[in-house]
There are 2 protein chains.
Amino acid sequence: MVKITDVARHAGVSPSTVSYALSGKRPISEETRQRVEDSIRELGYRPHAGARALASSRSNVLALVVPLRAGIHVPVVMQFAVSVVTAARRHDHDVLLLTQEEGEEGLRRVADTALVDALIVMDVQLHDRRLPLLRGLDRPSVLIGFPAEPAGLTCIDLDFKAAGELCVEHLAGLGHRVIGLVGSPPEVYVRETGFAQRVVQGFTAAADRNGLSSSVHPCEADPAAARQIAEQLLRERPALTGVVVHNEPILEPLIDAFEALGLRVPGDLSVTAICPDELAGRVRVPVTSIAIPAAEVGAGSVELLMKKLGGAPVPQATLLPPRLTLRASTRPRP
Amino acid sequence: MVKITDVARHAGVSPSTVSYALSGKRPISEETRQRVEDSIRELGYRPHAGARALASSRSNVLALVVPLRAGIHVPVVMQFAVSVVTAARRHDHDVLLLTQEEGEEGLRRVADTALVDALIVMDVQLHDRRLPLLRGLDRPSVLIGFPAEPAGLTCIDLDFKAAGELCVEHLAGLGHRVIGLVGSPPEVYVRETGFAQRVVQGFTAAADRNGLSSSVHPCEADPAAARQIAEQLLRERPALTGVVVHNEPILEPLIDAFEALGLRVPGDLSVTAICPDELAGRVRVPVTSIAIPAAEVGAGSVELLMKKLGGAPVPQATLLPPRLTLRASTRPRP
DNA sequence: GGGGGTCGTCGAAGCGCTTCGACGGGGGAA
DNA sequence: TTCCCCCGTCGAAGCGCTTCGACGACCCCC
């Protein structure tokens, strides 16, 4: 193994000069820097990560905690992970993969052993058990998702309230006057990740603002429930012409159910959804939708961490603006 | 930060004794060991990962390279990753996540900087550009998948040949005499990962062995192609009663196409597939299938690496036996 | 009863890097 | 011309851990 002293000898300088030439933490003449770089290339030198971490108390590794719970949309998680890795590499950092299964102990372990410099935690629950730990850790962290009490933490996510609003604005802009939100299963509104509530807030606020008649319908995640909701809507709100769906598994079944009841999408009924693009695009009638901007969230969380590691202040909450992708499922009210 | 000398002082022993008590590399009396452990707990000691890595030249970190290419089934990748992490933790190792995008340079980097002790590479191509590098690296590696020339490497994967055979045996056992394989797109058989060929080999061999009439049909991954294949099969092989599908995206469209042509599954036609359970289970007619045993492969690759790190010899090839899950799509020939 | 092992522990030497203080030399200001 | 300061470089001191050799103490066997 070639080490820094080898490079130093080869370049005719001291080891510290090599180090400074590499890190740029002290001025080095252009000429020596060049010589050092040549030696490095020639000898194929790579600084030993452990030695570096020990001496500098920086490992240049970030921890990423990925969720395992059922009901998580896996491709989206993977998108997060990939964008985190890519963004981290841009800052000369690597990513250590942790599963949620490891829990608090795992977080404490990688932080306390100085294996990682900072942590990214995905799929944060409203009352996540890891929050006190993260607050107390001596290493910075960023949460993807918002807990009930984000004080003392740094969080980033899609602005779900704005997403709810945007769906409504879109429908309102197309002239729809009576709309409904078909939401997540009831239990999601109680515990879980809190984004569900925020969609409802945005939906309701925007509907009121636009003078629309609106209603909200939590729905279990199975086709039978979807059919039932469809029938109910038809019966109770016959003037309905716009629907917002925030419940991935039933998006397609719900559309099927409406069509089975004689409502054409988008002819009689416009449908928008908040769901991964991948899903919205492969439904029989491609659905106008707002996606989770996984790549942006992942990259954003890394940027936040880098700022924190650099000692810069960061906002406590970062809300990414929703973007609506137009597809075939919405059109002006007949 | 509490360090090993603090523990040593607290327990009234030397630092080396603490180290030995922790690693077990030298005998330590039960009594001192107990005292050391108590001190560790009381002080909340965690060995510094970097220092440990530097002194022992072991980082206790494995690299996992995940694929990004289109056409990769993401949930399966995630299953691999999770099982690798879980298995690694059982051996007191962590997992560094690399994307394929980093390429050879990334592998070299994490290996040469001693960031990782060993590497797991997923989605290995027949003529993977990384192979020479992996052969030359001073760190052990395991490939998930088989390249054309596996000499000097350690590979693990589902035994795709046996999977092809098992599908045929199953159909033969049900009395089917005329069967077809609907395979991956033609280009997959040329370059790519090579498992496609192996399925064909197994399929053909088992069909011949059982005296069945068989045919193989590569198929593009879109519904139109599926319909075309269905029509072609019906026309050219009217006695066909069994089909093996090795092409995830068209599994459902193909069944739809058969039914549209008046063939009921499994009434008139038995269908088996090689595909993730998740897909096989959610098709309208749940499909009898052989899954990629992602969890086993992931865990197996870690076990292989641990053996290699321990200096033990490991087989060059590890083929996991296929397992057939019976579902609704196959039944005895009428 | 003495020699040879083994057991349990210690001290010290490093692992390869970063960083701090120091220092010579040259340029600018006075 | 002198003084000061900054630029560019060096040497040395660690960072916190593992590991090697050494060394009593004790036991066993002949």
* Can you give one letter per nucleotide of nucleotides 13-21 of chain C, 5' to 3': B if a protein heavy atom sits under 4.0 Å from the base, S if only from the sugar-phosphate, - if neither? -> -BBBBSBBB
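With contacts defined as side-chain heavy-atom distances shorter than 4.5 Å, the pair A:Q316/A:P150 qualifies. By the 4.5 Å heavy-atom criterion applied to side chains, B:E104 and B:R129 are counted as neighbours.
Partner A:I156 forms a side chain to side chain contact (heavy atoms under 4.5 Å, CB included) with one of A:V314, A:L319, A:L304 and no other, that one being A:L304.
Note: CZ (B:R35) to P (C:dG8) measures 14 Å, nearest angstrom. Regarding B:R9, its CZ atom lies at a distance of 16 Å from the C1' atom of C:dG11, rounded to whole Å. Atom CZ of B:R33 and atom C1' of C:dT9 are 15 Å apart (whole Å).
Surrounding NZ of A:K307 are at most 12 heavy atoms belonging to other residues, nucleotides or ligands under 6.0 Å away. The neighbour count for A:Q34 CD, taken as heavy atoms of other residues, nucleotides or ligands under 6.0 Å away, is above 12. A 6.0 Å sphere centred on CZ of A:R323 holds no more than 12 heavy atoms belonging to other residues, nucleotides or ligands.
The residue A:S57 sits apart from the nucleic acid: no heavy atom pair falls under 4.0 Å.
Under 4.0 angstrom from either OP1 or OP2 of D:dT9 there lies at least one side-chain N or O belonging to A:S29.
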